[in-house]
Amino acid sequence: MSQPQAMSRTEAKAQRRSVLLNSAAALFAQRGFRGVSIEDLGAAAGVSGPAVYRHFNGKQALLGALLVGVSEDLLSGGQAVLDSTPDAEASLRALVAFHVDFALSKPDVIRVQDRDFENLGSDERAAVRSLQRAYVELWVGALGQLFPERDATVRRLQAHAIFGLINSTPHSVQIHREPAATARPVLEAMAWAGLTGL
């Protein structure tokens, strides 16, 4: 097999995996983990049910890949934000914008995390918790740069409160049918006020 053919197969496999993950997020968000079958997942991704097993060991493995993957993306994305911003205020503003963008672009994943976290295997649950703790600590550190007088416990509580505010947006935006472009500046302003008191 030539190099371009091998690359093409690798890319096709990665694309199919991505389609399966996106389809799973949508279906799990609509029906819950237990309300979705392997056949449903395959059909939504344009393949047969058994073809799903070429990419994942089963439905629970797909859920694990989805939630571990998004937690990895949040941590690496948050770190990239901090690495690329010049000062404490810019870092915190950029983290807020980053998380708002996540919430508005991945509402299905947030719903799945809220409802189906306990359906993960124990290893995946531990991985997600570890990644999420590390992500929280990015925020705790960024807040500490701007407000060094605040205790770390208070900063951690603030970070969790702001995540609750931002992550609830997919539910309220859907209910009120507001476009993300309208919600974004309001949400960023509310989050900034909650973190800084300004």
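Note that the structure is predicted; figures quoted are calculated from it, not measured.
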inquiry  = Can you list everything that forms a salt bridge (charged side-chain N to carboxylate O under 4.0 Å, His left out) with Glu137? Sequence neighbours excluded, please.
reply    = Arg156
message = My understanding is that only residues two or more places apart in sequence, or in another chain, count here; which of them pass salt bridge (charged side-chain N to carboxylate O under 4.0 Å, His left out) with Glu89?
response = Arg93
Out of curiosity, [X] [atom1] to [Y] [atom2], how far, rounded to the nearest 0.5 Å?
X	Y	atom1	atom2	result
Leu92	Trp192	CG	CH2	4.5 Å
Leu187	Ser168	CG	OG	7.5 Å
Leu20	Gln15	CG	CD	11.0 Å
Leu63	Leu21	CG	CG	10.5 Å
Leu82	Leu95	CG	CG	4.5 Å
Lys106	Asn167	NZ	CG	13.5 Å

query = With sequence neighbours left out, which residue pairs that include part of residues 64-88 fulfil the ring-ring contact (aromatic ring centres under 6.0 Å, His included) condition?
reply = none
Any side-chain heavy atom of [X] sitting closer than 4.5 Å to one from [Y]?
X	Y	answer
Leu104	Ile166	no
Val96	Val100	yes
Glu188	Pro185	no
Glu124	Leu67	no
Phe33	Val112	no
Arg111	Phe28	no

Only distances under 3.5 Å count here; give the side-chain donor-acceptor pairs of residues 35-43 to other protein atoms, sequence neighbours excluded, each with its distance to 0.1 Å.
unit_1 : atom_1 : unit_2 : atom_2 : d
Ser37  : OG     : Glu39  : N      : 3.4
Ser37  : OG     : Asp40  : N      : 3.0
Ser37  : OG     : Asp40  : OD1    : 3.4
Ser37  : OG     : Asp40  : OD2    : 3.1
Asp40  : OD2    : Arg31  : NH1    : 3.1
Asp40  : OD2    : Ser37  : N      : 2.9

Cluster check Leu143, Leu157: I/L/V/M/F/W/Y, side chain < 4.5 angstrom = no
ask   = Are Val186 and Leu165 connected, step by step, through hydrophobic side chains (Ile, Leu, Val, Met, Phe, Trp, Tyr) whose heavy atoms are closer than 4.5 Å?
value = yes
inquiry  = What I want to find out is whether Arg184 reaches Asp101 closely enough, with some N-O distance under 4.0 Å, to be called a salt bridge.
reply    = yes
task = Return the minimal non-hydrogen interatomic distance between Ala25 and Val109, and the atom names on each side.
result = CB-CG2, 4.1 Å
task = Please report the shortest heavy-atom distance between Gln60 and Asn119, naming the atom on each side.
result = NE2-O, 2.8 Å
Step-by-step side chain to side chain contact (heavy atoms under 4.5 Å, CB included) determination, Asp73 to Phe102 = CA-CA 10 Å; Asp73 290 346; Phe102 161 74; over 6 Å; no
Acceptor/donor pairs from residues 128-136 side chains to any protein atom, 3.5 angstrom cut, sequence neighbours excluded:
unit_1 : atom_1 : unit_2 : atom_2 : d
Tyr135 : OH     : His99  : ND1    : 2.8
Tyr135 : OH     : Trp139 : NE1    : 3.3

ask   = According to the side-chain hydrogen bond (donor to acceptor under 3.5 Å, both in side chains) rule, which pairs have a member within residues 41-59, sequence neighbours left out?
value = none
